[in-house]
**Q** 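So that we are looking at the same thing, I have put the structure below in C-alpha cells.
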Amino acid sequence: MLSASPKTRKRLSIVCLTKMSIQSKKKNKNVEELAIVSIVGIGGLGKTTLALKVLNNDEVKKRFDKPIWLTISQKYKWLHVLGDLAEKLGINSTDKNERVLANLICNSLSNREKPYLIVLDDVWTEKLWEKLAKVLPDTKKGSRALITTRDENIINMAGVRDAAYRYDPYKLPLLSEEDSVELLLKKAVPRDRQCNFNYDGLAKQFAKKCGGLPLALIVLGGLLCATEPFNFHTWNELLGTMSWEFDGDECTKVIATSYEHLPFALKLCFLYFAAFPEDEKIEVEPLLRIWIAEGFIPDYKKRTLEQTAAFFLKTLVQRSMVQVVETNGDGSMKYCQVHDILRDLAVRDAEENKFLKVCSKPDDWKDCKAHRVAIHYVDAAKLIDNNTSSTIRSLLLFGQSSKLDCSNFSMLRVLSTERHVLDVNFEGSRHLRYLQLNTNILTKRDQFWKWVKSMNYLETLDLRNSTPGDLSEYICSIWGIKTLRHVLLSPDLDFHTPAGPSASVELMNLQTLKAVTYNKLWEEQSGLPNIPQLRELGILISSGESQKKVDTLTRLLEKLNHLICLEMRGDAHVLEKVVLQSHNKLKSLTLDCSFGSSDDRTIVLDDGLLPPYLLELHLQSLIFESDPMPVLEKLGSLKILSIEYSIIRKDKDVRIIRCSNGGFKQLEELNLVHIKLDKWEIQKGAMPMLKCLDAFLCDPLPPPAELIQLPSLRYLNWRSSIREINISLSDIFKQRPNLKNHWESFYIL
C-alpha cells in the first residue's frame, strides 16, 4: 500500500474500512451489535480526511441512516459533547442537564429504523468513550462508532466494554517517497509552471524533510509556491534552513518553518487563530473586522481595509495554514478553520511572546501578562481579576458567563462574547474599536448607550445576538462616531427597530448598516444621509403611503454606488416597485415579507424587478401569483437561490414550478423551505451546474425523477413529513450512488 499513489492508497483504505464497518472477521457474517471501528495515526496523517471519505462511501450511505459527525477537542466539555450530539439529532439542548440529554439521545437513536453511525473525530482520552458508551443504545441492528485518534491505547480501552465489539484498529501508514513528492509538487508548482519544472532532485529532498506526513507536505507546498522569485536558487536557499534531524516531529518543524517565512503582518493574523477553541468553525467577516480593529491590516489607497484583510486570509489559505470550510455565492470565504497542529503552534508562540493567552481554568488568569485574552468555557466572573488587568487590549469569550466587568480595561480595543453574558460593564473602555455582545441590554439601556457614545474610535458595533429593546431614542447617539465601519443591530422585529441615519449624518467609513427602519425624513429632497462607502444595507419598510417610500428608496439606493448586499423587509407592494435593475454591482438580495399581513405579501415578479447580475437571491414569506421560476431562471449569474415560507398560487388546481431547458445556467445551490407544492417539472438542460438541493417540507411534492439527470448534483437533502416520499428517495440514490444525502461542511486535504 505504501508504494501506491495517494489516490490508490485512499481507495484501498476506504474499501478496507467499509468492510470492517459491516462485516466481522468471520467471512460473510454480519456483526449486529454496536461495534467500534477506528483509524489510528499521528497528527497530520489524514485521519479526518479518511473518515469523511468513509462517511460518504456508497456502501456506508446505503447501510446507515444519516451518519452523525462529532469533533472532539483535546479539552472537551462533556456537556458540550452531549449538546452537540443532541443538536445533530434535532433535539433542543437549551437548559438541559447531562442526564436529560443522555436520555433524549438514547431514545432518539433507539427509535431509528436503520442502524446508526456516529463518528468521533480526534479522541484524546478513553474516558470519553466510557461516558458515551452509556448513552449510545445497542439496537442490535449493526450500529457503529467510528473513532479517529492518535493513541491506540484509547481503542484498546474502548473495547473492554462487553456490549461493544471492537475491530482491529486501522493504522494509517505514512506516504512513500514517491507519493510524498507527488503530493508536494501538486501543491508547490502552479499549473502554468508545471511544464517547465525540473527541480525533481530538490523536491525529493524537501519531501524527505516531511517524513511522509500529508499535512506537512501540503503546508510546505504552500510555502514553496509562495517563494519569490520562483526559481531553483530560492528553493535551494530555503532547503538550507531546514537542517533538522529526523525525530518524529517533522510536521511541527515544517509548519514552524512556514510560519517563520510569513511577512510580519501575516504572522500577527495567524497568531490570532490561537484565540479560538480547537476545531472551531470561524466566521470570516467578524475575524477580518477584529484584525482591522487590532491594527494588523495596512491601509492601501486602492483597497478598503476589509479587502486587504480578506487578501491576507486568502494568502494564509494558499499557504495551507488555514482551511476553507464554507464559501459565499461570490466565492468569498464564509467560514474557515485551522488544523489542530497549526493551532497548537499558534497557541504556543502566542503565549511565549505574550501576544495572547488562552484561559480555560481559573488558574490561567494568574500572572497573565499577555495583551490579549481568550476565555474558553469558564465563567468570566470567576476568572477575571479586575484590579490587575488594565493592559489587556482584546478580550474574547467563548461560553456563557454570569458577569463580565471590563470597567478597568482602559486599553481594551476588542470585546467579543460569543455566548450569552447576563451582565456586562465596559464603562472605562473608551478605546474600543470592536464591540460584539450577546447580552440583554434592557436592564440598563441608558448606561449602555452612554458608554457606547463615549467610544470615539469604535469601528464595529455588533448587537445581532443581543436584546436591545426600543433603540429609537438611543441610536442617534452613535451616528456621531465618525470611525464607524459596521453597525449590525438585532433583527428581532418584535422590538422597535431604530430608524436609519438622517441627512445631518455623515459617515464616510460606514460599510455595513443592518436592521434599521425606513426614515420618513428621507422623503425630503435633501434628507438622505451621506454614507458613500456603504456596501451592505438591511432595511425594514413599514406599511402606508407606498409610492413615497418607493421613490425615496430608489433615490437612496441610487446614491449607494458600492452597494453589493441589500436586505429589504416589508410590504410586497413596496418591495416590487423599488427600482433595482440598474444596480449592476448588487451581488446579494433578500426580499422578506414576514411581518406583513397576507394582503401585503403578494408579489408579481417580472423581468424588470431584479438586478441582472445577482449571485444570491433570498425570497421569504411571499405569495406568488404564478410560478416564479420562468423569471428567476433568466438570472444568468445566479448561484444561490432560496425560497422559504412562501405560497405559489395554483395553476389549474395544481401548485407547480417549472425549470426549462437552459434555465439557471450558473445556479449551484437551491433551497426550497416550507412551500406547498404538487409538482415540479425539470426539462433536460435545466440547472446544469446545480450541486446542492435542499427541499424541506414542500409537501405533498415528491422528488422529481428528473433529478437524476442533473449532471453536477452532489448533495440532495429532501425532507418530508410524508413517509412514502422519504422512502421514494431511495430510488434516486440507487440510480445516482455518488449523491450525498447530508451536507458536508468539512474541508478535505
Side-chain angles (χ1 to χ4, degrees), residues 262-273 275-276 281-319 321-322 324-337 393-394 396 413-416 432-436 455 457-464 478 481-489 501 506-516 529-538 559-567 583 585-590 615-616:
L262 289 174
F264 180 70
L266 275 176
K267 282 185 178 178
L268 297 178
C269 293
F270 175 73
L271 286 181
Y272 219 91
F273 284 102
F276 297 91
K281 184 178 172 182
I282 303 165
E283 190 177 359
V284 166
E285 282 192 348
L287 173 67
L288 302 185
R289 292 166 187 165
I290 288 174
W291 286 354
I292 293 168
E294 285 279 7
F296 298 162
I297 308 301
D299 191 358
Y300 298 127
K301 289 184 179 180
K302 294 185 178 181
R303 283 180 176 166
T304 66
L305 290 170
E306 287 76 9
Q307 288 170 334
T308 303
F311 175 75
F312 278 20
L313 181 59
K314 184 178 179 181
T315 302
L316 290 173
V317 170
Q318 290 171 338
R319 293 192 178 213
M321 301 192 76
V322 176
V324 180
V325 175
E326 188 178 333
T327 59
N328 295 304
D330 61 356
S332 61
M333 280 173 269
K334 189 173 184 178
Y335 291 97
C336 66
Q337 203 170 38
R393 294 165 59 94
S394 294
L396 295 91
R413 281 183 170 223
V414 173
L415 177 58
S416 174
L432 270 173
R433 286 158 169 77
Y434 182 94
L435 178 60
Q436 183 270 318
M455 298 173 189
Y457 306 101
L458 189 64
E459 296 172 351
T460 297
L461 176 63
D462 187 349
L463 302 178
R464 286 175 294 176
I478 72 167
I481 304 175
K482 301 301 182 183
T483 53
L484 279 175
R485 305 179 73 86
H486 307 281
V487 176
L488 301 105
L489 304 175
E506 190 173 87
L507 294 168
M508 306 304 291
N509 297 307
L510 191 66
Q511 297 185 32
T512 305
L513 177 60
K514 288 192 175 180
V516 294
N530 188 11
I531 42 177
Q533 298 302 318
L534 199 69
R535 284 164 165 76
E536 299 184 36
L537 173 64
K559 289 188 64 175
L560 304 178
N561 296 322
H562 297 284
L563 196 67
I564 60 173
C565 177
L566 175 62
E567 299 173 5
H583 290 270
K585 292 183 180 179
L586 203 60
K587 296 179 181 180
S588 177
L589 175 64
T590 298
L615 298 176
E616 294 189 33

**Q** What's the spacing between E326 CD and Q337 CD if we round to 0.5 Å?
**A**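 The CD atom of Q337 is 11.5 Å from CD of E326, to the nearest 0.5 Å.
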**Q** P298 versus F312: any side-chain heavy-atom pair under 4.5 Å?
**A**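 They are in side-chain contact.
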**Q** Looking only at heavy atoms, what is the nearest atom pair of A293 and R413, with distance?
**A**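 Shortest heavy-atom separation between A293 and R413 comes out as O-NH1, 3.0 Å.
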**Q** Applying side chain to side chain contact (heavy atoms under 4.5 Å, CB included) between H486 and each of E306, K514, E536, E285, report the one that passes.
**A**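 With H486 as partner, side chain to side chain contact (heavy atoms under 4.5 Å, CB included) holds for just one option, E306.
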**Q** Would you say the side chain of R319 lies within less than 4.5 Å of the side chain of L262, judging by non-hydrogen atoms?
**A** yes
**Q** To the nearest 0.5 angstrom, please state how far the CD1 atom of I282 sits from the CE atom of M333.
**A**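 If I round to the nearest 0.5 Å, the distance is 12.0 Å.
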**Q** Nearest 0.5 angstrom please: I564 CD1 to L534 CG, how far?
**A** 10.0 Å
**Q** Within this structure, what is the CD1-CZ distance for the pair I297 and R289, rounded to the nearest 0.5 Å?
**A**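 It is 13.5 Å, given to the nearest 0.5 Å.
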**Q** Determine the sole option in L313, L268, V414 for which the side chain to side chain contact (heavy atoms under 4.5 Å, CB included) test with W291 is passed.
**A**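 For W291, the side chain to side chain contact (heavy atoms under 4.5 Å, CB included) test succeeds with only one of L313, L268, V414, which is L313.
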**Q** Does K314 NZ have over 12 foreign heavy atoms under 6.0 Å away?
**A**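 Atom NZ in K314 is not packed in, count stays at 12 or less.
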**Q** What's the shortest heavy-atom distance between C336 and V325, and which atoms?
**A** C-CG2, 3.8 Å
**Q** Can you check side-chain contact (heavy atoms from CB on, under 4.5 Å) on V284 and N328, steps first, answer last?
**A** CA-CA 11 Å; V284 166; N328 295 304; over 6 Å; no
**Q** Using a distance-only test with no angle check, is there a side-chain donor-acceptor pair under 3.5 angstrom linking S416 and Q436?
**A**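 Judged by distance alone, the side chains do pair up.
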**Q** Between CD of E567 and CG of L589, what distance do you get to the nearest 0.5 Å?
**A**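 Reported value, rounded in 0.5 Å steps: 9.5 Å.
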**Q** Let's go through L484 and N509 carefully: what are the C-alpha distance in whole Å and the side-chain angles of both, what is the deciding distance for side-chain contact (heavy atoms from CB on, under 4.5 Å) to 0.1 Å, and is it a yes or a no?
**A** CA-CA 6 Å; L484 279 175; N509 297 307; over 6 Å; no
**Q** Measure the CG-OG distance between L415 and S394 for me, rounded to the nearest 0.5 Å.
**A**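 Going from the CG atom of L415 to the OG atom of S394 covers 9.5 Å.
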**Q** What do the steps show when you test F296 against Y272 for side-chain contact (heavy atoms from CB on, under 4.5 Å), and what is the final call?
**A** CA-CA 10 Å; F296 298 162; Y272 219 91; 3.5 Å; yes
**Q** Look only at the side chain of D330 and the backbone of S332, and say whether a donor-acceptor pair between them is shorter than 3.5 Å.
**A**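 Pair found, side chain donor or acceptor close to backbone of S332.
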**Q** T483 and Y457: which non-hydrogen atoms are nearest, and at how many Å?
**A** OG1-C, 3.1 Å
**Q** Does the side chain of D462 pick up a donor-acceptor pair with the side chain of T460 at under 3.5 Å?
**A**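 The answer is no; no qualifying pair exists.
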**Q** Can you find a heavy atom in the side chain of V487 that is under 4.5 Å from one in the side chain of V516?
**A**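 No - every pair of side-chain heavy atoms lies 4.5 Å or more apart.
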**Q** Between R535 (side chain) and Q533 (backbone), is there a donor-acceptor pair under 3.5 Å?
**A** yes
**Q** So do the side chains of P501 and L513 get within less than 4.5 Å of each other, counting heavy atoms only?
**A** yes
**Q** Walk me through whether R303 and F311 qualify under side-chain contact (heavy atoms from CB on, under 4.5 Å).
**A** CA-CA 10 Å; R303 283 180 176 166; F311 175 75; 3.7 Å; yes
**Q** Looking only at non-hydrogen atoms, find the nearest pair between P286 and R464 and report the distance.
**A**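 Looking at all heavy atoms of both residues, the closest pair is CG-NH2, 4.4 Å.
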